[in-house]
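In what follows, a single structure is set out as structure tokens and then discussed.
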Protein chains: 2
Amino acid sequence: MTGKLLGLDGCAVKVVDSARVEETRRRLVSRDEATKLSELFRLLGDVNRVRLLYALLEAGELCVCDLAATVDMAETSVSHALRLLRTAGVVRARRDGRMMFYRLEDDHIRLLLDLTRQHLQHDAPERKSAKKAKRRLRR
Amino acid sequence: MTGKLLGLDGCAVKVVDSARVEETRRRLVSRDEATKLSELFRLLGDVNRVRLLYALLEAGELCVCDLAATVDMAETSVSHALRLLRTAGVVRARRDGRMMFYRLEDDHIRLLLDLTRQHLQHDAPERKSAKKAKRRLRR
DNA sequence: GTCATATATGAACATATGTGCAGAGATTGG
DNA sequence: CCAATCTCTGCACATATGTTCATATATGAC
């Protein structure tokens, strides 16, 4: 039942349901898009950056030193982190005098942060215990 | 205008708006929660794992070898990746004979993948060009 | 039982990543 | 102009991470 399929690099790979594989390959996100997706997720994949983002989610807008005080980090680290987030379009900077004020870029980001937090709050505790139905998406 | 605030570690940090900082600190996600959030995001922060997840999003359920064929990876790598995703509760495994079939764990994950993809499709192109209004969340 | 298949695991290596330090910009006030 | 303040950047180091190879487990066929 196991068939063969010639990959793009010419390397033979075993497949079981070649029809479904072909169909999925056609619908799959492109490598470029997948790369961008993973880059965005990787940016969110750091405790300190996450804390900065959720601080901005709560506060709306904060300057670097207040962000540092809020999440209890060195200002240099905050600056490094914010540059990455800014470059990726996750946060936006506004200068006021010698201070820079940062905020989340848009509602999409806010939704993403919110949704993920809900996911952990609803599902993680269930997985630890009896793992029951977990359908709801309320707040 | 710049005040001082004694951090938890006893290190003095400069603050501008100490009231807002205090308020934000109270509302901020806990360190534990932030850690879990970042761990989840970090899992999604890899091109290959992302491609696997979006393959499952399209296909519904696939065995390891078909997943490997779909995203053009070595089966060992796929297995390693799936273990991480499984441990974190992002995917779920089902055994059928000698094969293991994987699927996304729940609708929360599907929503997360979908929302993020929408974010990149709508916002990323705009940032490259003139950066206009980007409010909509349709599909 | 043996063999073949499908997947999982462990270890090792190369690379990527976050952090802190030193110093550079940028802006304000005198 | 200079000094002070707030933030940014480049470099270096320690750690973390993904991938590969070899091997182990598990199931089914004979």
Side-chain angles (χ1 to χ4, degrees), chain A residues 1-5 9 11-17 21 34-35 38-52 61-69 71-88 91-102, chain B residues 1-5 9 11-17 21 34-35 38-52 61-69 71-88 91-102:
Chain A
M1 183 189 273
T2 292
K4 294 277 181 180
L5 177 72
D9 51 0
C11 146
V13 183
K14 290 163 287 184
V15 295
V16 174
D17 186 344
V21 168
T35 301
S38 67
E39 284 170 351
L40 173 58
F41 283 129
R42 180 160 45 224
L43 268 167
L44 307 181
D46 174 79
V47 205
N48 288 328
R49 286 195 293 267
V50 158
R51 295 180 72 228
L52 288 172
E61 193 180 58
L62 285 174
C63 66
V64 174
C65 61
D66 281 3
L67 268 171
V71 305
D72 215 28
M73 288 174 59
E75 296 178 9
T76 304
S77 303
V78 174
S79 196
H80 273 296
L82 288 173
R83 175 166 53 145
L84 295 177
L85 295 169
R86 182 162 28 96
T87 303
V91 303
R92 150 196 306 269
R94 173 180 71 85
R95 176 176 284 279
D96 181 12
R98 344 177 192 188
M99 283 183 276
M100 294 287 280
F101 285 88
Y102 284 86
Chain B
M1 184 189 271
T2 292
K4 293 277 181 182
L5 178 72
D9 49 1
C11 146
V13 184
K14 291 163 286 184
V15 295
V16 174
D17 187 345
V21 168
T35 301
S38 66
E39 283 170 352
L40 173 57
F41 283 129
R42 179 160 46 226
L43 268 167
L44 307 181
D46 175 80
V47 206
N48 288 329
R49 286 196 293 267
V50 159
R51 295 180 72 226
L52 288 171
E61 194 180 56
L62 284 175
C63 66
V64 174
C65 63
D66 281 3
L67 267 170
V71 304
D72 216 28
M73 288 174 59
E75 296 177 10
T76 305
S77 303
V78 174
S79 195
H80 274 293
L82 288 173
R83 175 166 53 146
L84 294 178
L85 295 170
R86 181 163 30 97
T87 303
V91 302
R92 148 197 307 265
R94 173 179 72 85
R95 176 175 284 278
D96 181 13
R98 349 178 190 186
M99 284 184 274
M100 292 288 279
F101 284 89
Y102 284 87

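Any value given below was found using the heavy atoms of this structure, including those in side chains, with hydrogens, waters and symmetry copies removed. Here is how names work: the chains are called A, B, and so on, in the same order as the sequence lines, proteins then strands, and each is numbered from 1. Everything numeric here is computed off the predicted structure, so don't read it as measured data.
For Arg83(A) and dT9(D), the CZ to C1' distance is 6 Å, given to the nearest whole Å. In this structure, the CG atom of Asp72(A) is 13 Å from the P atom of dT19(C), given to the nearest Å. Note: CG (Leu67(A)) to P (dT7(D)) measures 9 Å, nearest angstrom. Taking atom CZ of Arg95(A) as the reference point, atom C1' of dT28(C) lies 11 Å away to the nearest angstrom. Rounding to whole angstrom units, CG of residue Leu82(A) and P of dC8(D) are separated by 7 Å. To the nearest angstrom, C1' of dT19(D) lies 9 Å from CE of Met73(B). The distance between atom CG of Leu62(B) and atom C1' of dA6(C), rounded to the nearest whole Å, is 15 Å. In this entry the distance linking CZ of Arg94(B) with C1' of dT27(D) reads 15 Å, nearest Å.
Side chain of Glu75(A), nearest nucleotide from dT7(D), dT19(C), dT28(C): dT7(D). Of the candidates dA4(D), dG18(C), dT7(C), the closest approach to any side-chain atom of Arg98(A) belongs to dA4(D). Ranking dT7(C), dT19(D), dT5(C) by closeness to the Asn48(B) side chain, first place goes to dT19(D). Each of dT17(C), dC8(D), dT7(C) was ranked by its minimum atom distance to the side chain of Met99(B); first place goes to dT7(C). Ranking dT7(D), dT5(D), dG18(C) by closeness to the Leu84(A) side chain, first place goes to dG18(C). Closest to the side chain of Cys63(A), out of dT7(D), dT9(D), dG18(C), is dT7(D). When each of dA29(D), dC8(D), dT27(C) is scored by its nearest atom to the side-chain atoms of Met100(A), the top-ranked nucleotide is dC8(D). Closest approach to the His80(B) side chain among dT5(D), dT7(D), dC21(D) is made by dC21(D) (side chain taken as heavy atoms from C-beta onward).
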message: Please determine whether side-chain contact (heavy atoms from CB on, under 4.5 Å) holds for the pair Val47(A) and Arg51(A), giving the CA-CA distance in whole Å, both sets of side-chain angles, and the decisive distance to 0.1 Å.
response: CA-CA 6 Å; Val47(A) 205; Arg51(A) 295 180 72 228; 4.3 Å; yes
task: Test side-chain contact (heavy atoms from CB on, under 4.5 Å) on Leu84(B) and Asp46(B) and set out the steps.
output: CA-CA 12 Å; Leu84(B) 294 178; Asp46(B) 175 80; over 6 Å; no
message: Using side-chain contact (heavy atoms from CB on, under 4.5 Å), reason through Leu52(B) and Val78(B) one step at a time and then give a plain yes or no.
response: CA-CA 8 Å; Leu52(B) 288 171; Val78(B) 174; 4.1 Å; yes
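Put simply, Tyr102(B) has no side-chain N or O that comes within less than 4.0 Å of OP1 or OP2 on dA6(C).
Residue Ser79(A) is in base contact, counting any heavy-atom pair closer than 4.0 Å across all strands shown.
Taking for each of Thr76(A) and Leu43(A) the nucleotide of DNA chain C with the nearest heavy atom, the 5'-most of the two is the partner of Leu43(A). Take the nearest nucleotide of DNA chain C for Gly97(A) and for Arg49(A): the residue whose nucleotide is more 5' is Arg49(A).
Thr87(B) contributes a side-chain N or O that, together with a main-chain N or O of Arg83(B), makes up a donor-acceptor pair within less than 3.5 Å.
Rounded to the nearest 0.5 Å, atoms SG (Cys65(A)) and CE (Met100(A)) are 12.5 Å apart.
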